[in-house]
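Lettering follows sequence order; numbering is per chain, from 1. Computed from heavy atoms alone, side chains included, the values below leave out hydrogens, waters and symmetry copies.
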Protein chains: 2
Amino acid sequence: MVPQKIQDIKVAVDAVIFGYFDKKDLQILLIKRSIDPFKGGWAIPGGLVLDHENLEEAVRRELQEESGIKPDFLEQLYTFGNVDRDPRNRVVSVAYLGLVNPSYHELFADSDAEDAQWFSVHKLPKLAFDHQNIIDIALKRLRTKIQYQPIGFNLLNEEFPFSDLENLYRTIIGQEIDRRNFRKKIMSYGLLNETKNVKKEGSGRPGKLFTFNQEKYKEWEEQGFYFEIK
Amino acid sequence: MVPQKIQDIKVAVDAVIFGYFDKKDLQILLIKRSIDPFKGGWAIPGGLVLDHENLEEAVRRELQEESGIKPDFLEQLYTFGNVDRDPRNRVVSVAYLGLVNPSYHELFADSDAEDAQWFSVHKLPKLAFDHQNIIDIALKRLRTKIQYQPIGFNLLNEEFPFSDLENLYRTIIGQEIDRRNFRKKIMSYGLLNETKNVKKEGSGRPGKLFTFNQEKYKEWEEQGFYFEIK
DNA sequence: TCAAAAGTGTTGACTTTACACCCATGG
DNA sequence: CCATGGGTGTAAAGTCAACACTTTTGA
């Protein structure tokens, strides 16, 4: 196929992990680099793939090592392979997009990173390598994807008031939505199970709590829906 | 980030190239391997990335070398990185999806391949490596994508009768479509420019020839449309 | 004049949008 | 009783689906 000249390219994985805290912005997980290049700078988690592990295993391991996070949803995003991405070697990096409910995960920085933190997508620090570009692409994908697959639920608590879902969509899409029409649409998909519980905290009338229906989720995940928000 | 143990993984690119001949099935470009493993077997074009070239450059070079094809449309599909993909080394392969109008491209097998041929997606030979899997994923992507982006035009001649577009959709989606509704919908997007020419060959009433509107294409490519075919 | 493919409209069903007031609770 | 957020319906506009006959050409 190709002359067997020795190839000098490294393979890495990186992860853009989104988390959502109610009433706040959409957040992204960043780690502070403990080694050069960009030592002390912020970057998305990631690292070189080990010889014996599959790509997704590699991302999960790196996430674990660098931040303690185990994402609920994780899918391949895009592979970045330009020759000048890394000042040391040529590195081809397979980027993943992950979703996490941060209230179920404690963040800690392990050996491989000096620190790990959530940052609002609107207030990101300057990032190492081409990571800002990777995040931009991830955000675009998330915004598109949430409109035809029910992945948003991965960011919410197991039981959540309807308004959480509403705010999540508002936040991710960055656009006002009509509460009545939104509720009708979501309800029509049959994705939500009503529980008998109600939200306690906060002022105002307590909202019913919902869980989401895993079977319906799978159905809609496969066939997709069309959910344009006006 | 990660201990600098020497990594032993190779980086390759592969391409699933679709071509469409009027009145025929959708076709895929395959090459006959001239080296082991799978020597003499059929595979999708591809090969190792050179140190100094970007990923997309690598695919284009390999396609050129192995078949003489320069795809009109080419985008990254997915990266396949399981540990056991290749019996020799570990190879991570970045797969691309390409579209070509075969009547504008002569196929030839160059030094790197014994032969290069179009195969109907419905009559593929047994394929090397995990290439059948890659093709399955590419087909799925093509079928989905053609329903929200106007990429189909890349498969047609520069001037084409409306029925070509119709048949193309029928073929790719593998489903009957309503001619009247289809035409209305496509026309409403403003993607087509009517020419003064008509199709000559074939029996029956000659059809007007159309070209497609590059500017509108770009618009719709970015914003996407929603085109479910019933 | 026949066969083959091109071209073309309308109606009813359904879906989407726009829009505002009352309700339940806690302080 | 006030503030806060939760919960709900309807009508008009727009879009989609279903459906069949006429036109143009070449043989």
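- When heavy atoms are screened at a 4.0 angstrom cut-off, A:K184 is found touching base atoms of the nucleic acid.
- The CE-C1' distance, from B:M187 to C:dA6, rounds to 12 Å in whole Å.
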Exercise. Quick one: do A:N101 and A:N157 satisfy side chain to side chain donor-acceptor pair (under 3.5 Å)? Show the steps, please.
Key: CA-CA 7 Å; A:N101 179 335; A:N157 288 344; 2.7 Å; yes

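- One can place CG of B:D178 at 11 Å from C1' of D:dA20, the figure rounded to the nearest angstrom.
- Within 3.5 Å, a donor on the side chain of A:R180 pairs with an acceptor on the base of C:dA20, or the reverse.
- Comparing B:P206 and B:N181, the nucleotide of DNA chain D nearest to each residue sits closer to the 5' end for B:N181.
- Whole-Å rounding puts the B:F162 CZ to C:dT8 P distance at 11 Å.
- Relative to the ring axis of A:F162, A:R183 places its NZ or CZ within 45° and under 6.0 Å from the centre.
- Distance CZ (A:F225) to P (C:dT15): 16 Å, rounded to an integer number of Å.
- Listed pair A:S203 / C:dG26 fails the phosphate criterion, with no side-chain N or O lying under 4.0 Å from OP1 or OP2.
- If you take CZ of A:F227 and P of C:dT17, they are 10 Å apart, rounded to a whole angstrom.
- For the pair B:E194 CD and C:dA6 P, the computed distance is 14 Å after rounding to whole Å.
- Between the CZ atom of A:R179 and the P atom of C:dA20 there is a distance of 13 Å, rounded to whole Å.
- If you find the closest nucleotide of DNA chain C to A:Y226 and to A:G204, the one lying nearer the 5' end belongs to A:Y226.
- Side-chain contact between B:E56 and B:R61: absent, with no pair of heavy atoms (C-beta onward) separated by less than 4.5 Å.
- Nearest nucleotide to the side chain of A:R183, out of D:dG7, D:dC16, C:dA6: D:dG7.
- Ring geometry for A:F119 against A:W42 counts as perpendicular: the plane angle is over 60°, on a 0 to 90° scale with 30° as the lower cut.
- Residues B:Y189 and B:F225 bring their aromatic ring centres within 6.0 Å.
- Here D:dT4 presents its C1' atom at 12 Å from CZ of A:R205, a figure rounded to the nearest Å.
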